[in-house]
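A quick write-up on the structure given underneath.
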Amino acid sequence: MADKLRKLIISRETRNYVMSTHFWGPILNFMIPIAAINDMRKSPRIISGNVTLALTAYSLVFMRFALKVNPRNMLLFTCHIINANAQLIQGFRYVNYRYINPNSEINQGE
């Protein structure tokens, strides 16, 4: 089992994949949902509704792109699923803070 794993890791296909934009693009793109998830612990006051909407739309568009390229880029697709969900949560926090409960105790204390 360990020998098969070692052969897979050092194979030409694995090296080519790891050295491609098909791999590094999604890896670096994961910084966007990581930032959104990190911001969930912060005050909703810092959320920009426009940016949240733009990033949600961006991820929805690029989820489709990730499936249409050949070969499919499932790492990019996963990144955009995570980002779309994180942005939707931030969007709900924004709407709740600005429009649904603008005078709540939490909002007054911040």
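The structure presented is a predicted model; accordingly, all values stated were derived computationally and were not measured.
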Do you reckon [X] sits in the same ILVMFWY cluster as [Y], going by side-chain contacts under 4.5 Å, direct or chained?
X     : Y     : answer
Ile82 : Ile27 : yes
Tyr99 : Ile47 : yes
Val61 : Leu88 : no
Phe62 : Leu55 : yes
Tyr97 : Ile37 : no

Subject >> Closest heavy-atom pair and its distance - Ala86, Ala36 >> reply: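 Closest pair (atom of Ala86, atom of Ala36, distance): CB-CB, 3.8 Å.
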
**OP:** Would you indicate whether Asn50, at its atom CG, is surrounded by more than 12 heavy atoms from other residues, nucleotides or ligands within a distance under 6.0 Å?
**Re:**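 No, the 6.0 Å shell around CG holds no more than 12 heavy atoms from other groups.
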
Original post:
Is the number of heavy atoms from other residues, nucleotides or ligands under 6.0 Å of Tyr17 OH greater than 12?
Top reply: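 More than 12 heavy atoms, drawn from other residues, nucleotides or ligands, come within 6.0 Å of this atom.
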
If you measure from [atom1] on [X] to [atom2] on [Y], what distance do you get to the nearest 0.5 Å?
X     : Y     : atom1 : atom2 : value
Ile32 : Asn83 : CD1   : CG    : 6.0 Å
Arg93 : Ser43 : CZ    : OG    : 7.0 Å
Ile89 : Met40 : CD1   : CE    : 4.0 Å

Show me the side-chain donor-acceptor pairs of residues 67-79 shorter than 3.5 Å, one per line, residues at least two apart or across chains.
from, atom 1, to, atom 2, distance (Å)
Asn73, OD1, Leu75, N, 3.4
Asn73, OD1, Leu76, N, 3.1
Asn73, ND2, His22, O, 3.0
Thr78, OG1, Met74, O, 2.8

**OP:** Please list, chain by chain and in numerical order, all residues satisfying salt bridge (charged side-chain N to carboxylate O under 4.0 Å, His left out) with Lys42, sequence neighbours excluded.
**Re:**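 Scan of Lys42 (salt bridge (charged side-chain N to carboxylate O under 4.0 Å, His left out), adjacent residues dropped) gives Asp39.
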
Subject >> Pairwise side-chain contact, His80 with Asn29, heavy-atom cut-off 4.5 Å (strictly under) >> reply: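 Yes, at least one pair of side-chain atoms sits under 4.5 Å.
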
Original post:
Can you check whether Gly49's main-chain N or O pairs, donor with acceptor, with Thr52's side chain at less than 3.5 Å?
Top reply: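 Looks like no, no N/O pair under 3.5 Å.
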
Original post:
Who else is in the cluster with Leu53 when I, L, V, M, F, W and Y are joined by side-chain contacts under 4.5 Å?
Top reply: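 Traced through the cluster, Leu53 reaches no other member.
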
